[in-house]
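Ligands are counted one by one from 1 in listed order, and the atoms in each one are counted from 1 as well.
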Amino acid sequence: MEFNIKTAHAEKQHGHCVIVGVYESHQLSNAAQAIDDASNGYITNILKRGDLDGKLEATLMLHNVPGSQAERVLLVGLGKPADFTEKQFCKAVRASVKAVAASGTTEAVSFLAELPVKELSVRWKVAHLVEVVLDATYRFDAIKRKKTATEEKEAKKELKQLTISIADANALNEAESAVAEGRALAAGVSLAKDLGNLPPNVCTPTYLAEQALALGKTYGLKIEILETDALKELGMGSFLGVTQGSEEPPKFIVMQHLKGHKDQKPVVLVGKGVTFDTGGISLKPGAEMDEMKYDMCGAASVLGTFKTIAEMKLPLNVIGIIPTCENMPDGRATRPGDVLTSMSGLTIEVLNTDAEGRLILCDALTYAERFEPSAVVDVATLTGACVIALGHHASGLFSNNDDLAKELLNAGEAALDRAWLMPMWDDYQPLLDSNFADIANIGGRAGGSITAACFLSRFAKKYEWAHLDIAGTAWKSGKEKGGTGRPVPLLTAFLVARANKLNA
Ligand code: BES
Ligand code: MN
Ligand code: ZN
């Protein structure tokens, strides 16, 4: 998609399509008003007839509007002016893109970034407009057969060029850099979606390792891939216990984005990379088991965030750690009742082989200690219980540090990629007691996402740590099945805020 920035007059636009906003109760945005004035009240008349009520996300495509040189004018409902904040802005942009796409228009000029949204800057509006447009036009057809020339010709035309008009000519530079910012975020989100959407026979641990190496090559990042022998040497008995039922070799990926001061302690991101979770010997039921290809979305979000911050050249030290493997049933697989010795030395009684995420993450958390991190954030599709608790809107957040939790909550708010703080009181810890080992890997059905976090907390005592359970937010089920790219926006906002603070 090509984006251009200019200061334009809505009524003077030639070309395919002009996008303008209309509030509820027939209140016109400036751009809609300009077209209305030039057309002797054509838009006002249409609104009076009731063809568009101005409700948020409603759209109406008009053709050959008198007084306008453009082929089409798209009216987009904005809702009530007083309610028009960040979320509504993004929803209106998304609705406009869907309507433009449905019409087969290839070029458009959008005046939505001229709308006042609270006190938000041109930069915020343009960056979010770009990100939402790229998110809304995302397609995953990597696995479909290639279209024939005839099919290609008959296929619906796609939006290729979007001009964004801004009101203030002095803000052109700011808007241009906002386009780059929006693109960088969208690139990371899109990578995370792609990796999630790829089938599990393609997106294997080896494939994820190759993606990390490719990122390293493109952006000059140091990438290490630790193989089985090295993992044995390190004593990662917990991670290896999960991998041993699979024919696919495990990989332990370490990525280094060191663009901050050399004495600055890094932020470490850890992502769960189970490329397929059958449950192991504690086999999952068959229904919807295909969705367990998404059990590597934590890893995908770490890779996506690395792409974004590398594109942005974010001046911060960030380490990414991805333990990746499959969880399969097999003659060699870990049995319920087996005891594994983790890298930390703690022994773990595996009461359920389907609670594998925490078993691979705990060794990664121990490995993270060597970087003397300023903070560690792990991201994992960890528990079905988190989906029951929070549904699909918020990721579950757990932390051993209130300030870090606040930073992440704020980042989620700002990025419209929210998390919700869950309790992790000591009261829950005894649920993990084992008669035979130092700790059990499950704590029973009640508070399942909390006991999972409590398990991880045992391995994160040496630094400030937070855990994001993204089981409900990383992908959508049903007709629109697909990766969402979350929480790349949250993680990016968190890192950008940290970089801003350090470089202030
Ligand atoms: N990958 C799953 C968590 C999951 C389940 C995410 C459903 C999204 C949808 C994880 O490895 C798992 O199986 N967790 C178990 C834990 C239980 C055995 C304590 C779960 O949530 O059922
Ligand atoms: Mn599992
Ligand atoms: Zn899992």
Side-chain angles (χ1 to χ4, degrees), residues 196 200 203 205 208 238-239 241-243 245-246 248 250 270-301 322-330 333-338 340 348-362 364 378-396 398 422 428 431-434 439-456 467-478 481-484 486-487:
C203 186
L208 285 180
S238 186
F239 178 32
V242 176
T243 76
S246 168
E248 288 290 338
V270 180
K272 171 180 173 182
V274 174
T275 59
F276 197 76
D277 181 12
T278 64
I281 297 299
S282 313
L283 194 63
K284 284 184 181 295
E288 284 151 32
M289 205 207 270
D290 68 289
E291 294 195 5
M292 281 301 120
K293 73 173 184 177
Y294 287 110
D295 212 15
M296 35 55 69
C297 280
S301 74
I322 295 173
T324 172
C325 65
E326 284 183 334
N327 186 23
M328 301 292 271
D330 182 74
T334 291
R335 296 156 281 256
D338 281 3
L340 305 173
I348 303 165
E349 186 184 12
V350 180
L351 290 173
N352 189 319
T353 64
D354 197 12
E356 85 297 340
R358 59 198 83 181
L359 295 175
I360 77 171
L361 290 169
C362 70
D378 78 68
V379 192
T381 47
L382 203 64
T383 63
C386 191
V387 190
I388 302 302
L390 296 175
H392 299 286
H393 294 289
S395 303
F398 304 81
M422 300 281 285
Y428 295 95
L431 293 167
L432 295 169
D433 287 350
S434 159
I439 184 174
N441 81 325
I442 55 168
R445 272 170 60 79
S449 67
I450 302 173
T451 49
C454 285
F455 179 94
L456 296 177
H467 156 62
L468 284 165
D469 193 330
I470 59 165
T473 53
W475 78 89
K476 289 191 173 126
S477 308
K481 192 187 283 187
T484 60
R486 292 179 70 182

Requested in this report: Could you tell me whether a side-chain N or O of D469 sits under 3.5 Å from a main-chain N or O of T383, the two making a donor and an acceptor?
Outcome: yes
Requested in this report: Measure across V270 and P323 and return the closest heavy-atom pair with its distance rounded to 0.1 Å.
Outcome: CG1-CD, 4.3 Å
Query raised in the report: Looking at K284, E356, M328, which hits side chain to side chain contact (heavy atoms under 4.5 Å, CB included) with T278?
Result: M328
Requested in this report: With heavy atoms only and a cut-off of under 4.0 Å, state how K272 meets ligand 1: side chain, backbone, both or neither.
Outcome: side chain
Report task. Provide, to 0.1 Å, the distance between atom 19 (C) of ligand 1 and the closest protein heavy atom, together with that atom's residue and name. Result -> I442 CG2, 3.5 Å
Query raised in the report: Looking only at atom types and distance, does a side-chain atom of R358 sit under 3.5 Å from a main-chain N or O of N441, one as donor and one as acceptor?
Result: yes
Report task. State whether L382 contributes an N/O/S atom found under 2.8 Å from the Zn ion (ligand 3). Result -> no
Query raised in the report: Which protein non-hydrogen atom lies closest to atom 2 (C) of ligand 1, naming both residue and atom, and how far is it?
Result: D277 OD2, 3.6 Å
Query raised in the report: Side chain of D295, backbone of M292: donor and acceptor closer than 3.5 Å?
Result: no
Query raised in the report: Quick one: angle D277 OD2 - the Zn ion (ligand 3) - E356 OE2, to the nearest 10°?
Result: 90°
Report summary line: Counting heavy atoms under 4.0 Å, the part of F455 that contacts ligand 1 is neither
Requested in this report: Of all N, O or S atoms in E356, identify the one at the shortest distance from the Mn ion (ligand 2).
Outcome: OE1
Report task. Would you confirm whether any non-hydrogen atom of the protein falls under 4.0 Å from atom 13 (O) of ligand 1? Result -> yes
Query raised in the report: Any nitrogen or oxygen of A355, main chain or side chain, under 3.5 Å from a nitrogen or oxygen of ligand 1?
Result: no
Query - CG on L456 to CG on L382, rounded to 0.5 Å - result: 6.0 Å
Report task. Measuring from the Mn ion (ligand 2), name the closest N, O or S atom belonging to D277. Result -> OD2
Query raised in the report: Is there a nitrogen or oxygen of R358 sitting under 3.5 Å from a nitrogen or oxygen of ligand 1?
Result: no
Report summary line: Here the atoms of ligand 1 under 4.0 Å from any heavy atom belonging to E356 are 11 (O)
**Report entry** Residues E288 and S477: side-chain donor-acceptor under 3.5 angstrom
**Finding:** no
Report task. Could you tell me whether T383 and ligand 1 have an N or O pair separated by under 3.5 Å? Result -> no
Query - Nearest-neighbour protein heavy atom for atom 15 (C) of ligand 1, which is reported as residue plus atom name and distance - result: D354 O, 4.0 Å
Query raised in the report: Taking side chain as C-beta onward, heavy atoms only, is S434 less than 4.5 Å from I439?
Result: no
Report task. Give the residue and atom name of whichever protein heavy atom lies nearest to atom 4 (C) of ligand 1, and the separation in Å to one decimal. Result -> G384 N, 3.8 Å
Requested in this report: For the Zn ion (ligand 3), decide whether D295 has an N, O or S atom at a distance under 2.8 Å.
Outcome: yes
Requested in this report: Can you pull out the closest protein heavy atom to atom 6 (C) of ligand 1? Residue, atom name and distance to 0.1 Å, please.
Outcome: A471 CB, 3.6 Å
Report task. Taking T353 for its side chain and I281 for its backbone only, find out whether a donor-acceptor pair lies under 3.5 Å. Result -> yes
Query raised in the report: Do side-chain atoms of T324 reach the backbone of G273 as a donor and acceptor pair under 3.5 angstrom?
Result: yes
Query raised in the report: So, K293 side chain and P200 main chain: donor-acceptor pair closer than 3.5 Å or not?
Result: no
Requested in this report: Considering only non-hydrogen protein atoms, determine which one is nearest to atom 9 (C) of ligand 1 and report residue, atom name and distance to 0.1 Å.
Outcome: M292 CE, 3.6 Å
Query - Residue part near ligand 1, for K284, under 4.0 Å between non-hydrogen atoms - result: side chain
Requested in this report: Compare all side-chain heavy atoms of D378 with those of K272 and state whether any distance is below 4.5 angstrom.
Outcome: no
Query raised in the report: Roughly how far, to the nearest 0.5 Å, is NE2 of H393 from CZ of R486?
Result: 9.0 Å
**Report entry** Nearest-neighbour protein heavy atom for atom 8 (C) of ligand 1, which is reported as residue plus atom name and distance
**Finding:** W475 CH2, 3.4 Å
Report task. Could you establish whether T381 and ligand 1 come within less than 4.0 Å of each other, counting only heavy atoms on the residue side? Result -> yes
**Report entry** Protein contact to atom 3 (C) of ligand 1 [nearest heavy atom, distance to 0.1 Å]
**Finding:** L382 O, 3.4 Å
Requested in this report: Measure the shortest side-chain to side-chain distance between L208 and C203 over non-hydrogen atoms and say whether it is less than 4.5 angstrom.
Outcome: yes
Requested in this report: Give a yes/no answer: is there an N/O/S atom of D354 under 2.8 Å from the Mn ion (ligand 2)?
Outcome: yes
Report task. Run the numbers for me: atoms of ligand 1, each under 4.0 Å from some heavy atom of N352, listed by number. Result -> 18 (C)
